[in-house]
Number of protein chains: 2
Amino acid sequence: MRSDQVTIKDLARLLNISISTVSRALRNASDINRETKEAVLKLAEELNYEPNFIAQSLVKKQTKMIGVIVPAIHSNYFSQALAGMTDVASEFNYHVMFCQSNETLAQEISSIKKLVASNVEGLLVSVSKESSDICEFEKIRQKGIPIVMYDRILNGFSCSKVIVDEYEGAYNAVKHLIRKGCKRIAHITGPTDLSVSVNRMNGYLGALKDHNLPIDPDLIVIAKAFEENALMAVKKIMSVKPAVDAIFCINDLSAVIVLKYLKSKGIKVPEDVRVVGFNDDPVSGYVEPSLTTVMQPGYEVGKLAMGILIDEIQNKNFPCQTFRLRTKLVIRNSSK
Amino acid sequence: MRSDQVTIKDLARLLNISISTVSRALRNASDINRETKEAVLKLAEELNYEPNFIAQSLVKKQTKMIGVIVPAIHSNYFSQALAGMTDVASEFNYHVMFCQSNETLAQEISSIKKLVASNVEGLLVSVSKESSDICEFEKIRQKGIPIVMYDRILNGFSCSKVIVDEYEGAYNAVKHLIRKGCKRIAHITGPTDLSVSVNRMNGYLGALKDHNLPIDPDLIVIAKAFEENALMAVKKIMSVKPAVDAIFCINDLSAVIVLKYLKSKGIKVPEDVRVVGFNDDPVSGYVEPSLTTVMQPGYEVGKLAMGILIDEIQNKNFPCQTFRLRTKLVIRNSSK
DNA sequence: CTTTATTTCGAGAACGTTACCGGTAACGTT
DNA sequence: AACGTTACCGGTAACGTTCTCGAAATAAAG
């Protein structure tokens, strides 16, 4: 903040009128003479006057700032979401203040506190993998600050939420495999307490059930840290008899590891085993064979979440609806 | 901003002391009695008092906010940089307000204006592909707001800059190819007015010259929109006689397209043609064969740039140095 | 017991703006 | 001539802090 800033006072002094009049002229109120108003505007232009946003914030009690918490900004999906958010925010003249939680609860909480302390008017949060506690968020809401959760939500906390329909995405992916004639479809999932794991797993189970395929517990393997444990998982899966003819992976990076392993073992994809991932990460278009995957509309999630939040801020009502965006199955060579 | 906020006034009233004393207690000044100070702190804790950041900003003339402009937030490199920035910022208790230029000059300018109007204390900018005009930035600096440019810099504008040594990166990549025995090394470059193109091209030329290899203009092909024109470029290159034995690409995505084309034509990589990219995009580890590439330390660029900016803000001196971070050649199968 | 130093505190201005309340012309109406 | 409208404008209090200055209370020194 510069100290040489031109203020409303300077304009008033130079024009020999009161600061109230200048203020009125600037935010074109009704009770002001056209000529004086024009004089003020002209001088303001000449002196390059810019209203002091901080001072305005103080009296109007609004900062036009929105806090966004992202688990990890590298990650194609979240950066897409962030892009959607900033686009909508700037359309409505809001600013976004942005923090990373780096997937830890501690950083998440400290970020939230910082954002609240900077008087954000609303919060957009996707919780870290560690988070399950509601009470921190309850505190924020008690202060009257609206929260919209996106993607990684906390079920116990009531607020507006924007998520993608992972169940349907997984369901359609597995249905696609079944239509291709697969009968023994394995699933590599994540930790059972994560909503991503649960939703995608349920979609998998639902599709099997609806198509009268038996559910074989041996074909469901947990990869605790996702791609880091995917290799172990695929090894385990490929050792099961009778052999599987498809693997549905919780995300693309795991699927890529699976593809690599299968190739190293001389197992042909998609002829011997079909593989499907989740996310539509850029890699999936580049691997060999290219990977069939479930596209999540990250940009749209961001746009919608920000739109809802701004609406809640401006209308001061909090409907607590949950919006579920649809995924899209992107069929590539790994399942053809 | 909530209206039910506990203020310093409330504390004063409840304790029957003046607001000045409360203020002193809160920012532990020297001239205050230990007991009263403790009483204030205790009550503040009980009532959950949080200082009003806006009010503090107004009188202290500092907002603790830094504006960051990114050409495009999706893009692994820039999101890495952003991660580095936010990490450093939060370490020094600064906040980052973030805008996208989406590679257009218009959005870049409007973003800058918005950020300045919100009283950011400094600006971190990577210019869009369209930008070449200095005067907008001159205006900002005249207001006393420090600017640090990172990655995509404007040479004509004097400020601190953080870039990666693309020349050296390209030079080493080409040297690596030469060491592998390559003699006819082609280069797919970008538009000639972009600094990325120029720097990498110069590195390529430098390495050839230093190793006494002739420069063949037929082997340098411009792909105007990078990867979108890479296919045409590689076709042109492969039609040149005598045949090339290596292709150095301006970025990884172009290189991946090159790899695909060569594979489709039955040309073996690295046996017939070696390929090297630039950026160390995540894809490069997943393609087949995996891609040798030049790693740019995005996270470090962000950290360093933010560190310099904060230093300039706090010490109010603007040394206008240029920092050049080193790249790292990541050797994978496409050049082995 | 006065004088001086030290500690502790309060009053009030300031930061730049908005918003409310009232005042003064000028004009028209009765 | 007295009154009511209207149009325009100024004074001033807020918003929640920090900061300077001086005053009061206490302690130390003579």
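This is a predicted model, so every value here is computed, not measured. A note on names: the letters A, B, ... follow the listed sequences, proteins ahead of strands, and every chain is numbered from 1.
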Nearest to the side chain of [X], which nucleotide is it out of [options]?
| X | options | value |
| --- | --- | --- |
| Ile8(A) | dG16(D), dA19(C), dT17(C) | dT17(C) |
| Leu58(A) | dT17(D), dG10(C), dG16(C) | dG16(C) |
| Ser20(A) | dG16(C), dG11(D), dA11(C) | dG11(D) |

Rounded to the nearest angstrom, tell me the gap between atom [atom1] in [X] and atom [atom2] in [N].
| X | N | atom1 | atom2 | result |
| --- | --- | --- | --- | --- |
| Gln62(B) | dC15(C) | CD | C1' | 13 Å |
| Leu26(A) | dC9(D) | CG | P | 14 Å |
| Glu35(A) | dA7(D) | CD | P | 16 Å |
| Arg24(B) | dC19(D) | CZ | C1' | 9 Å |
| Arg13(A) | dG10(D) | CZ | P | 15 Å |
| Lys60(A) | dA14(D) | NZ | P | 20 Å |
| Lys61(B) | dA14(C) | NZ | C1' | 10 Å |
| Gln56(B) | dG16(C) | CD | C1' | 17 Å |

> How does DNA chain D read in dot-bracket, base by base from 5' to 3', with Watson-Crick or G-U pairs under 3.5 Å and | used when the partner is on another strand?
Replying inline: ||||||||||||||||||||||||||||||

> Is a donor-acceptor pair below 3.5 Å formed from side chain Ser23(A) to base dA19(C), judging by atom type as modelled?
Replying inline: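 By the distance-only test, no, there is no pair.
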
>> Counting distance alone, no hydrogens or angles: does the base of dG11(D) have a donor or acceptor under 3.5 Å from a partner atom on the side chain of Ser18(A)?
In response: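 It does not, because no donor-acceptor pair links the side chain of Ser18(A) to the base of dG11(D) below 3.5 Å.
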
Close N or O pairs between protein and nucleotides 4-8 of chain C (under 3.5 Å):
none

>> Using the rule given for side chain to side chain donor-acceptor pair (under 3.5 Å), can you reason through Ser18(B) versus Thr21(B), listing the C-alpha separation, both sets of side-chain angles and the distance that settles it, and then say yes or no?
In response: CA-CA 5 Å; Ser18(B) 78; Thr21(B) 308; 3.1 Å; yes

>> If the test is salt bridge (Lys or Arg N to Asp or Glu O under 4.0 Å), which one of Glu108(A), Glu166(A), Glu103(A) qualifies with Arg152(A)?
In response: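 The option that passes is Glu103(A).
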
Would you list the atom pairs, donor with acceptor, under 3.5 Å between side chains in residues 301-312 of chain B and any protein atom, with sequence neighbours excluded?
{"from": "Asp311(B)", "atom 1": "OD1", "to": "Asn315(B)", "atom 2": "ND2", "distance (Å)": "2.9"}
{"from": "Glu312(B)", "atom 1": "OE2", "to": "Ser160(B)", "atom 2": "OG", "distance (Å)": "2.6"}

> Taking side chain as C-beta onward, heavy atoms only, is Phe318(B) less than 4.5 Å from Cys159(B)?
Replying inline: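 They are not in contact (no side-chain heavy atoms under 4.5 Å apart), so the answer is no.
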
> Toward the 5' end of DNA chain D, which comes first, Lys9(B) or Asn16(A), by nearest nucleotide?
Replying inline: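 Final value for this comparison: Asn16(A).
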
>> How close do Ser101(A) and Ile69(A) get, counting heavy atoms only, and between which atoms?
In response: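 Closest approach of Ser101(A) to Ile69(A), heavy atoms only: CB-CG2, 4.3 Å.
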
Which side-chain N or O atoms in residues 110-117 of chain A pair as donor and acceptor under 3.5 Å with protein atoms at least two apart or in another chain?
{"from": "Ser111(A)", "atom 1": "OG", "to": "Gln107(A)", "atom 2": "O", "distance (Å)": "2.7"}
{"from": "Lys114(A)", "atom 1": "NZ", "to": "Ser90(B)", "atom 2": "O", "distance (Å)": "3.0"}

> Think Tyr49(A) has a side-chain N or O under 4.0 angstrom from the OP1 or OP2 of dG16(C)?
Replying inline: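 Answer no for this pair, as no side-chain N or O of Tyr49(A) is under 4.0 Å from OP1 or OP2.
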
> Under 4.0 angstrom, heavy atoms only, what part of the nucleic acid is Phe53(A) near: base, sugar-phosphate, or nothing?
Replying inline: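 Contact class for Phe53(A): none.
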
> Reckon Thr7(B) touches a base, only the sugar-phosphate, or nothing at all at heavy-atom distances under 4.0 Å?
Replying inline: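 Since only primed, P, OP1 and OP2 atoms lie under 4.0 Å of Thr7(B), the category is sugar-phosphate.
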
>> Please enumerate all residues that pass ring-ring contact (aromatic ring centres under 6.0 Å, His included) together with Phe98(B), with sequence neighbours excluded.
In response: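 Not a single residue meets the ring-ring contact (aromatic ring centres under 6.0 Å, His included) criterion with Phe98(B).
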
> Could Glu46(B) and Lys42(B) be called an ion pair, given the rule that one side-chain N must be under 4.0 Å from one carboxylate O?
Replying inline: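 A salt bridge links Glu46(B) with Lys42(B).
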
> Does any N or O in the side chain of Arg324(A) come within less than 3.5 Å of the main-chain N or O of Asp165(A), such that one atom is a donor and the other an acceptor?
Replying inline: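 Not at all, since once roles are kept as given, no pair shorter than 3.5 Å links the two residues.
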
> Can you name the residues that form a side-chain hydrogen bond (donor to acceptor under 3.5 Å, both in side chains) with Arg13(B), not counting sequence neighbours?
Replying inline: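 Applying side-chain hydrogen bond (donor to acceptor under 3.5 Å, both in side chains) to Arg13(B) gives Asp10(B).
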
